[in-house]
Number of protein chains: 2
Amino acid sequence: MQPDPLYARLKAQILREIVSGNWPPGRRVPSENELTRQHGVSRMTANRALRELTSEGRLVRLRGSGTFVAEPAPSSDLLVIRNIAEEIRARGHRHEARVRRLRREPLPPDLVPRFALAEGAAAFHSLIVHLENGRPIQFEDRWVDPAMAPGYLENDFTRITPHEFLSRVAPLSRAEHVVEALLPPTHVRAWLDMGGTEPALRLERRTWSGERVVSRALLWHPGSRYRLGAAIGLDIDRAGSKQP
Amino acid sequence: MQPDPLYARLKAQILREIVSGNWPPGRRVPSENELTRQHGVSRMTANRALRELTSEGRLVRLRGSGTFVAEPAPSSDLLVIRNIAEEIRARGHRHEARVRRLRREPLPPDLVPRFALAEGAAAFHSLIVHLENGRPIQFEDRWVDPAMAPGYLENDFTRITPHEFLSRVAPLSRAEHVVEALLPPTHVRAWLDMGGTEPALRLERRTWSGERVVSRALLWHPGSRYRLGAAIGLDIDRAGSKQP
DNA sequence: CTCCCCAAGTTGTATATACAACATGGAAGC
DNA sequence: GCTTCCATGTTGTATATACAACTTGGGGAG
């Protein structure tokens, strides 16, 4: 079809110099006017190429000084964590939820440091089993600050997940996740229909809206039936529910 | 100091309409020429505002039709996965690596579907134990395509991690991660100094450079000593190594 | 030697203008 | 009624031009 636009071609050329190692981090890149002369493009075209590479983290620009190759970003990767109902549905499977508890209870002492609430203060507590095609796959144990989600107990959590409800009433400003491999307590084993020595994958999730903690959830999964993760561009079938 | 530039002010106004719900997903946004007339800016300024909001995922633009508010991103969260050496060092702890194997071997049959290599083709295989303050915390079992990293076997992996080396010689274009809770095989237990029923957290990682798979790593961690994850803005101490 | 000023160069924003490539709706023709 | 064509409108790229805000280095004055 179309050849690439000029600004995109210029971006690609600059990126080649960087990736090849010819222009290491800190190296000064030709100025807009130099690129204009060298490549026979307008200054606005050169500006756009450099500006986009800057917004992509490849370059650093200093007004009056020039444009420099950026330090490489730290090598880290991202793993996507999805709401269990969405995940199951994305696999073309049936999601169901069984609500085992949904009531106001005093906040246990070990959770006090997790919330902006005093010991014994009333909090909402829900225990929900999520099933995929009739098989338990996640046991959700969640505590919620009533001030942040006053209507929490009025919900039918067989129709909407707590995650979805909370996302709506208390927009997420921050989240924390920790993943562990553990031997679960016996009540979790019973809810998830797990054998005696089977490990569980536990995801702990805490969310904030503004500066205040909204909820703390422990999400337990049977190691034999669940895996966590999705690749960038990967088939969804590889993640989540293990093959039978 | 400076008032915001015109394009930034226009961006902010459009974003306000979106965030407030006045302009829901799918809603048509005023065209560049309409914004030019309504706001008394040049068309290039309007174009820049709309273009940047588009690259930020807020708008969708169709040549000839117009500009529309984008659907909100699916509710998902991101978990950061870091190179084990960086992670340990970030905690102010000492990272060491013990190389238990580093050689060319025929690719096992179960890995053939994972690489663009034929069964029995030569591949690089490394087994490395990573220690934190002298305690084993990760057992890394990695296979590498020799065509993608020809110098792999020449490295001293007590000084640089395979992850770091591969990131340099074969720039990452794609990555896949899957996290599982498993009972590890006995050789993994031995390397990681784990008890008989203790679960392991296993991270499987595969990376591509361009269209070709570079490496497949299984990263085993003792469930009692390692947790995976970091919050956005959280204290690093909460993640990775469990408190003694 | 230090400080100040100025010239040259660089990035940053804004506008006007032009042409290209596409979408859409209405009108005309069959 | 269906198809084709055309006018209008929209996005996409490119250029020339202008002014602003900053950096840097060199030279001159005290």
Side-chain angles (χ1 to χ4, degrees), chain A residues 1-18 22-73, chain B residues 1-18 22-73:
Chain A
M1 293 288 114
Q2 304 277 37
D4 276 353
L6 288 184
Y7 78 92
R9 299 207 322 251
L10 189 50
K11 280 179 75 178
Q13 284 192 52
I14 291 164
L15 202 49
R16 266 196 295 274
E17 295 292 345
I18 294 171
N22 284 345
W23 290 356
R27 160 75 184 252
R28 187 179 165 282
V29 173
S31 73
E32 294 176 359
N33 287 328
E34 283 164 351
L35 291 172
T36 296
R37 288 191 297 269
Q38 291 167 11
H39 294 269
V41 296
S42 77
R43 191 192 141 207
M44 291 303 297
T45 300
N47 173 277
R48 182 161 177 194
L50 296 180
R51 185 163 22 93
E52 290 194 4
L53 286 170
T54 301
S55 76
E56 289 160 25
R58 293 290 189 163
L59 302 177
V60 176
R61 313 198 78 193
L62 300 176
R63 177 188 278 193
S65 301
T67 299
F68 305 88
V69 179
E71 293 290 334
Chain B
M1 292 288 112
Q2 305 277 41
D4 275 353
L6 289 183
Y7 78 91
R9 296 198 341 246
L10 188 51
K11 279 179 76 177
Q13 285 192 51
I14 292 164
L15 203 48
R16 264 193 299 272
E17 295 293 343
I18 294 171
N22 285 345
W23 289 355
R27 158 76 184 250
R28 188 178 165 284
V29 174
S31 73
E32 294 176 0
N33 287 330
E34 283 164 352
L35 293 172
T36 298
R37 288 190 296 270
Q38 290 167 12
H39 293 269
V41 296
S42 78
R43 193 193 138 207
M44 293 303 299
T45 301
N47 172 279
R48 181 158 179 197
L50 296 180
R51 182 161 29 91
E52 290 192 5
L53 286 170
T54 301
S55 76
E56 288 160 24
R58 294 290 189 162
L59 301 176
V60 175
R61 315 198 77 194
L62 299 176
R63 178 188 276 195
S65 301
T67 299
F68 304 88
V69 178
E71 294 288 336

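These numbers were taken from a predicted model, which means no experiment stands behind them. In what follows, chains are A, B, ... by sequence order, proteins preceding strands, each numbered from 1.
- No side-chain heavy atom of B/Arg27 sits less than 4.5 Å from a side-chain heavy atom of B/Glu17.
- Side-chain nitrogen and oxygen atoms of B/Ser65 include none within less than 4.0 Å of the OP1 or OP2 phosphate oxygen of C/dC22.
- The distance from atom CG of B/Leu62 to atom P of C/dA21 is 18 Å, rounded to the nearest whole Å.
- Of all non-hydrogen atoms in A/Pro25 and A/Ala70, the two that sit nearest each other are CB-O, 3.7 Å.
- Inter-residue side-chain proximity for A/Leu35 and A/Leu50 is flagged as met; some heavy-atom pair is nearer than 4.5 Å.
- B/Leu10 places its CG atom 14 Å from the C1' atom of C/dT13, with the value rounded to the nearest Å.
- Residue B/Tyr7 has its side chain nearest to C/dT13 when only C/dT13, D/dG12, D/dT13 are considered.
- Considering only the side chain of B/Ser31, D/dT10 comes nearest among D/dG12, C/dT15, D/dT10.
- In the set D/dT11, C/dA16, C/dG12, D/dT11 carries the atom at the smallest distance from any side-chain atom of B/Glu32.
- Of the listed nucleotides (C/dC22, D/dT15, C/dT11), D/dT15 has the atom at the smallest distance from the side chain of B/Met44.
- Comparing D/dT11, D/dA14, C/dT11 against the side chain of A/Thr45 picks out D/dA14 as the nearest.
- Ranking D/dT23, D/dT15, C/dT10 by closeness to the A/Arg28 side chain, first place goes to C/dT10.
- You'll find that the side chain of B/Arg43 is closest to C/dC19, out of C/dT15, C/dC19, C/dT13.
- Between A/Gly66 and A/Asn47, the residue whose closest nucleotide on DNA chain C is further toward the 5' end is A/Gly66.
- Counting to the nearest Å, the P atom of C/dT13 and the CD atom of B/Glu52 are 9 Å from each other.
- Atom pair A/Arg51:CZ and C/dG12:P shows a separation of 9 Å (rounding to whole Å applied).
- Between the CG atom of A/Leu6 and the P atom of C/dC19 there is a distance of 17 Å, given to the nearest Å.
- Here C/dT13 is the nucleotide among D/dT11, C/dT13, D/dT15 with the atom lying nearest to any side-chain atom of B/Pro5.
- Residues A/Leu6 and A/Arg9 form a side-chain contact, since some pair of their non-hydrogen atoms from C-beta on lies under 4.5 Å apart.
- Taking atom CZ of B/Phe68 as the reference point, atom P of C/dA23 lies 12 Å away to the nearest angstrom.
- Between A/Arg63 atom CZ and D/dC19 atom C1' the separation is 11 Å, expressed in whole Å.
- Atom pair A/Arg61:CZ and D/dA21:P shows a separation of 18 Å (rounding to whole Å applied).
- Distances from the side chain of A/Glu34 to the nucleotides C/dT10, D/dA21, D/dT11 place C/dT10 closest.
- Looking at B/Arg28, B/Arg61, B/Arg51 one by one, the single match for side-chain hydrogen bond (donor to acceptor under 3.5 Å, both in side chains) with B/Thr67 turns out to be B/Arg61.
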